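The block underneath contains the structure these notes are about, expressed in structure tokens.
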Amino acid sequence: MTLEPTVESLFDLRGKVALITGGTGYLGSAMSRALAEMGAQVIITSRERVRAEQAAAILPGEQQHFGVELDHKSEESITTGFAKAVELAGQVDILVNNGQGGNAKDLTTTDQQYFDEHLANATGYFLLARECRDHVVVRGVEGSIVNIGSMYGV
């Protein structure tokens with residue numbers, strides 16, 4: 001009889017590096033803590049480097065966590081931020097695209113400027129996912145990409 005894997009073994013992230021954008025916000029900080037509790041080394045990104053570093057410094061676990069400046073709406077910042085994450089941790093295995101600005105407007109009140117901002121953020125998700133994909137392919141390993149969209153981020 002083959003035993004099914006335990007939940008603990010399925011969520012064991014020891015030896016993995018997780019990069020989470022927007023890791024200083026409500027959802028991002030909770031997800032960052034959970035990833036760290038499961039053994040991942042966590043790299044938190046924020047548009048403000050100091051804020052990211054402060055959030056990373058209080059994460060649980062024995063490994064060192066890092067904070068990196070990264071703005072989803074800037075391709076240069078995405079490229080630079082991802083490269084800095086790899087420089088600091090040596091690898092990235094998990095990407096959580098969570099950095100999302102809120103917009104309380106609905107279909108009847110959203111104007112082009114607000115819509116364009118959301119498109120820019122979605123483009124950032126894509127560009128960062130491509131960075132991560134290329135990184136794991138070059139390393140010849142598996143990786144995971146999680147794109148977050150929620151009512152909180154609307």
Side-chain angles (χ1 to χ4, degrees), residues 7-8 10-13 16-61 65-89 91-139 141-154:
V7 172
E8 184 178 349
L10 289 172
F11 289 97
D12 181 5
L13 299 178
K16 302 291 185 185
V17 176
L19 180 124
I20 180 163
T21 65
T24 61
Y26 296 114
L27 294 175
S29 61
M31 288 184 278
S32 296
R33 279 191 310 278
L35 290 164
E37 287 173 8
M38 297 314 299
Q41 181 177 34
V42 177
I43 303 165
I44 290 178
T45 76
S46 173
R47 289 183 302 266
E48 300 172 28
R49 180 186 52 78
V50 171
R51 200 169 161 205
E53 289 172 345
Q54 289 171 340
I58 62 172
L59 289 175
H65 304 290
F66 299 102
V68 172
E69 181 178 337
L70 190 147
D71 181 351
H72 259 158
K73 295 178 184 175
S74 164
E75 186 170 3
E76 180 181 344
S77 180
I78 289 167
T79 303
T80 303
F82 191 85
K84 183 67 174 178
V86 171
E87 176 188 325
L88 290 169
Q91 66 192 51
V92 172
D93 305 291
I94 302 162
L95 167 64
V96 180
N97 266 326
N98 170 67
Q100 175 75 20
N103 177 359
K105 296 185 178 205
D106 66 16
L107 178 65
T108 64
T109 57
T110 296
D111 59 19
Q112 183 173 352
Q113 177 184 348
Y114 281 108
F115 193 79
D116 287 346
E117 286 179 26
H118 283 281
L119 288 176
N121 196 77
T123 301
Y125 271 31
F126 165 76
L127 294 172
L128 195 50
R130 185 171 61 191
E131 289 281 339
C132 186
R133 178 254 176 222
D134 291 350
H135 173 71
V136 297
V137 167
V138 166
R139 290 174 44 222
V141 299
E142 293 182 359
S144 297
I145 298 172
V146 179
N147 293 319
I148 303 293
S150 72
M151 291 304 293
Y152 169 72
V154 172

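One is the number of the first residue; the rest follow in order along the sequence. Predicted model only: the values in this text are computed from it and were never measured.
Residues Leu119 and Glu117 fail the side-chain proximity criterion, which asks for heavy atoms closer than 4.5 Å. Between Val96 and Thr21, the closest side-chain pair of non-hydrogen atoms is not below 4.5 Å. The shortest side-chain heavy-atom distance between Val17 and Ile94 does not fall under the 4.5 Å cut-off. Counting only heavy atoms from C-beta outward, the side chains of Ile145 and Asn147 approach each other to under 4.5 Å. Between His135 and Phe82, some side-chain heavy-atom pair lies under the 4.5 Å cut-off. When side chains are defined from C-beta on, Thr45 does not count as touching Glu69, because their heavy atoms never get closer than 4.5 Å. When side chains are defined from C-beta on, Val68 does not count as touching Ile44, because their heavy atoms never get closer than 4.5 Å.
For the pair Ser46 (side chain) and Ala52 (backbone), a donor-acceptor distance under 3.5 Å is absent. Judged by distance alone, with hydrogens and angles left aside, the side-chain atoms of Arg139 form no donor-acceptor pair with the main-chain N or O of Asp134 at under 3.5 Å. Under a 3.5 Å cut-off, the side chain of His65 and the backbone N or O of Val42 do form a donor-acceptor pair.
Between Leu19 and Ala85, the closest heavy-atom pair is CD1-CB, 3.3 Å.
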Before giving the answer on side-chain contact (heavy atoms from CB on, under 4.5 Å), spell out for Leu59 and Ser32 the whole-Å C-alpha distance, their side-chain angles and the decisive distance to 0.1 Å. CA-CA 8 Å; Leu59 289 175; Ser32 296; 4.0 Å; yes
Where do Phe66 and Glu53 land on the side-chain contact (heavy atoms from CB on, under 4.5 Å) test, with the steps shown first? CA-CA 6 Å; Phe66 299 102; Glu53 289 172 345; over 6 Å; no
Start with the C-alpha gap between Ile78 and Glu131, add the side-chain angles, then the distance that decides, and say whether side-chain contact (heavy atoms from CB on, under 4.5 Å) holds. CA-CA 8 Å; Ile78 289 167; Glu131 289 281 339; 4.2 Å; yes
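Heavy-atom contacts from other residues, nucleotides or ligands closer than 6.0 Å to NZ of Lys73 number more than 12. No more than 12 heavy atoms of other residues, nucleotides or ligands lie within 6.0 Å of CD in Glu75, so this atom counts as exposed by the packing criterion.
We find the CD-CG distance between Gln41 and Leu35 to be 12.0 Å, quoted to the nearest 0.5 Å. Distance check: Leu88 CG to Lys84 NZ gives 5.0 Å after rounding to the nearest 0.5 Å. Atom-to-atom distance recorded for Ile148:CD1 and Asn98:CG is 6.0 Å, nearest 0.5 angstrom. One distance of note links CG of Leu127 with OG1 of Thr79; it measures 7.5 Å at 0.5 Å rounding. The distance from the OG atom of Ser74 to the CZ atom of Arg47 is 11.5 Å, given to the nearest 0.5 Å. One finds the SG atom of Cys132 at 8.0 Å from the CG atom of Asp93 (value rounded to the nearest 0.5 Å).
Salt bridge Arg33/Glu37: absent, no basic N to carboxylate O contact under 4.0 Å.
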